[in-house]
Amino acid sequence: MLIGRKDDVINVCEMKYSDDIFIIDNAYRSDLIHKEEVFKYETDINKAVYITLVTVNGLRVNEYSDVIQNVITGDDLFVE
């Protein structure tokens with residue numbers, strides 16, 4: 001999912017389901033960087049691109065998670 005914002009930022013949303021906290025490894029990090037590069041090249045945009053992870057249980061911060069700018073969890077989506 002793409003979200004174009006008025007502040008010249010595009011959020012590229014990556015949706016992942018996991019029973020536990022989602023963990024990014026080196027291969028998945030490389031895949032996300034590649035997706036961002038292809039998106040920028042194919043769209044020829046002049047805006048900032050933020051990778052946003054949408055996952056039920058959150059993201060474990062590790063040496064590969066720096067590619068994610070925003071995390072949206074189930075708690076963010078389902079407010080009582």
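In this chain, residues are counted from 1 in sequence order.
For residues 4-29, the ring-ring contact (aromatic ring centres under 6.0 Å, His included) pairs, not counting sequence neighbours, are Phe22-Tyr28.
Contact record, Asp66 with Gln69: O-NE2, 4.3 Å, taken as the closest heavy-atom pair. Nearest heavy-atom pair across Ser18 and Asn57 is O-ND2, 3.0 Å. Residue Val71 comes nearest to Gly58 through the heavy atom pair CG1-CA, 4.4 Å, listed as atom of the first residue, atom of the second, then distance.
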Run the side-chain donor-acceptor check on residues 36-45: report pairs under 3.5 Å with partners two or more places apart or on a different chain.
residue	atom	partner	partner atom	Å
Glu36	OE2	Lys40	NZ	3.2
Thr43	OG1	Phe39	O	2.6

Identify each donor-acceptor pair in which a side-chain atom of residues 46-56 lies under 3.5 Å from a protein atom, sequence neighbours left out, and give them as a table.
residue	atom	partner	partner atom	Å
Thr52	OG1	Asn11	ND2	2.8
Thr55	OG1	Lys16	O	2.9

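Atom CZ of Arg5 sits in a crowded spot, with more than 12 heavy atoms from other residues, nucleotides or ligands closer than 6.0 Å.
At a threshold of 4.5 Å between non-hydrogen side-chain atoms, the residues Ile24 and Ile68 count as touching. Using a 4.5 Å heavy-atom cutoff, the side chains of Glu14 and Met1 are not in contact.
Shown here are the side-chain hydrogen bond (donor to acceptor under 3.5 Å, both in side chains) partners of Asp25, two or more places apart in sequence or in another chain: there are none. Under the rule for a ring-ring contact (aromatic ring centres under 6.0 Å, His included), Tyr64 has no partner lying at least two apart in sequence or in another chain.
A distance of 10.0 Å separates CG in Asn26 from CG in Asn62, rounded to the nearest 0.5 Å. Annotation: the span from Leu2 atom CG to Cys13 atom SG amounts to 7.5 Å, rounded to 0.5 Å.
Applying the under-4.5 Å side-chain rule to Ile, Leu, Val, Met, Phe, Trp and Tyr, the cluster around Ile21 consists of that residue alone.
Cluster annotation: Ile10 is not connected to Ile33 through the hydrophobic network of ILVMFWY side chains, with a link wherever side-chain heavy atoms come within less than 4.5 Å.
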